[in-house]
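Report on the following structure.
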Amino acid sequence: MSPFLRHIEACNDLPSPAGFIPFRIAGAQVGWLGPELARGLTFFPRDFHFDAEGVALASRLRGPAARTEALAVACRSLAGRGFFTLRDEAFDVRAEPEGPALAQLDRGAIPAFGVQAAGVHLNGLVRRADGLQVWVGVRSRHKPVAPGQLDHLVAGGIPAGLSPLECLVKEAAEEASIPAELAGQARPVARMSYVMRHGIGMRRDILHAFDLDLPEAFTPVPADGEVERFELWPVQRLFETVRDTDRVKFNVNLVLIDLFLREGLIDPASEEGRALRRGLDQGG
């Protein structure tokens, strides 16, 4: 088995939604509820209706604003009972990745409701005479997720109302002090997905990957405290780190494997390359 495949399998450790209950808004399924959360929602019978097909927001909640408010009321109560921790950042709720936003939900509640979320990841590349170099972030040791692990130059969840590129430009300024005019030159190169167990729920994430060729003279500077420092690594060193260790944040591995395939460090036409590509897309 390819040593890279373990990273893909770690992000796809929920092969079936068995045991989860479909969650619908306006007749469309948008998520999956674990039995604990479903029981918690029975305390809100006016807004959450149970039937043979699962759980649905009440049909009287006809617009995104009304649905968002009903979800917010329930989430404040559920957070107070320890189901999750609110993040005070709204994410769009969609039935399909390109579909309309049916409501907004606090980021901290997204996995518990099994709602698909999206994020951006930026490969900061420097193409030098001696070969490709990649900017690597070292995450703060105070981060609740993957403290001290290796990360991308820029990465973050896409909040409500922003496109992937708009989010990337915002995160680039906040995390790495990259000017908007430079970050805006990033190229979308891949979209991958995974489904992963997360507490009482599941993470259903779409990762929008971008490449940005940076001048040799540019040095990113941490700006928001989420990253301790940035280091410029030869791509071969990063390849070996992903292959041989678990030092890189779990979902960052997926975007780097995609980079290795596109840059030819892993032959995309080989049996290994084809298996990895299938794995990167299996969560869709």
Side-chain angles (χ1 to χ4, degrees), residues 2-13 97 116-127 132-139 143 145-146 149-158 163-172 175-176 178 183 185-196 198 203-214 220 226-227 230-268 272-284:
S2 167
F4 296 98
L5 195 58
R6 75 184 193 284
H7 297 303
I8 296 174
E9 291 179 344
C11 288
N12 288 279
D13 63 355
Q116 193 164 62
V120 294
H121 286 249
L122 179 66
N123 297 304
L125 308 177
V126 180
R127 299 185 185 274
L132 178 64
Q133 312 279 314
V134 183
W135 281 105
V136 175
V138 180
R139 292 171 63 84
K143 291 282 290 180
V145 177
Q149 288 196 288
L150 303 177
D151 205 338
H152 272 108
L153 175 61
V154 174
I158 302 176
S163 70
L165 182 58
E166 290 169 339
C167 177
L168 179 69
V169 171
K170 177 182 79 72
E171 294 287 340
E175 294 185 357
I178 302 175
Q185 298 174 25
R187 306 180 305 279
V189 292
R191 189 172 84 171
M192 57 212 77
S193 54
Y194 63 90
V195 180
M196 184 181 195
H198 188 280
R203 290 185 61 144
R204 300 171 55 226
D205 289 351
I206 294 175
L207 307 180
H208 295 267
F210 290 78
D211 284 354
L212 177 61
D213 291 316
L214 292 164
E226 294 196 5
V227 172
F230 293 108
E231 300 177 356
L232 187 60
W233 285 25
V235 70
Q236 184 63 34
R237 178 184 176 190
L238 190 54
F239 175 87
E240 292 169 359
T241 299
V242 174
R243 183 190 65 193
D244 301 334
T245 78
D246 294 313
R247 295 180 59 199
V248 179
K249 182 174 177 279
F250 66 97
N251 56 2
V252 172
N253 284 304
L254 306 189
V255 182
L256 291 176
I257 291 169
D258 171 78
L259 175 67
F260 301 152
L261 286 165
R262 290 187 291 105
E263 291 291 332
L265 281 84
I266 303 171
D267 180 0
E272 177 189 29
R274 293 195 303 271
L276 292 173
R277 178 56 64 193
R278 288 193 298 271
L280 292 175
D281 298 330
Q282 68 181 289

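Just so it is clear, the structure is predicted and the values come from calculations on it, not from any experiment. Residues: numbered from 1 along the sequence shown.
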Item to check | Non-hydrogen side-chain atoms of L256 and T241 separated by less than 4.5 Å | outcome: no
Item to check | Side-chain touch L168/L122, heavy atoms, less than 4.5 angstrom | outcome: yes
Next on the checklist: Keeping D205 on the side-chain end and A118 on the backbone end, is there a donor-acceptor pair under 3.5 Å?
Outcome noted: no
Checklist outcome for this item: Nearest heavy-atom approach of F260 to F239 is CZ-CA, 3.4 Å
Next on the checklist: Between D151 and K249, does the salt bridge (Lys or Arg N to Asp or Glu O under 4.0 Å) criterion hold? Intermediate values first, please.
Outcome noted: CA-CA 6 Å; D151 205 338; K249 182 174 177 279; 5.5 Å; no
Next on the checklist: If you compare all heavy atoms of I158 against all heavy atoms of C167, which two are closest, and at what distance to 0.1 Å?
Outcome noted: CA-SG, 3.8 Å
Checklist entry - Heavy atoms, side chains only, cut-off 4.5 Å: are Q116 and P97 in contact? => result yes
Item to check | Close side-chain approach of D244 to P3, heavy-atom, < 4.5 Å | outcome: no
Next on the checklist: Looking at every non-hydrogen atom in both residues, tell me the closest pair between P234 and Q133 and how far apart they are.
Outcome noted: N-OE1, 3.4 Å
Checklist entry - Would you call the rings of Y194 and F250 parallel, tilted or perpendicular, where under 30° means parallel and over 60° means perpendicular? => result perpendicular
Checklist outcome for this item: Taking every heavy atom of V248 against every heavy atom of V242, the minimum-distance pair comes out as CG2-CG2, 4.1 Å
Checklist entry - Heavy-atom distance under 4.5 Å between the side chains of V145 and R139, does that happen here? => result yes
Checklist outcome for this item: Nearest heavy-atom contact between S2 and E272 is OG-OE2, 2.6 Å
Next on the checklist: For the backbone of R274 and the side chain of R277, can you confirm whether one donor and one acceptor N or O come within less than 3.5 Å of each other?
Outcome noted: no
Checklist entry - How close do M196 and D13 get, heavy atom to heavy atom, and via which atoms? => result CA-OD1, 3.3 Å
Checklist entry - Do any N or O atoms from the side chain of Q185 and from the backbone of D213 form a donor-acceptor pair under 3.5 angstrom? => result no
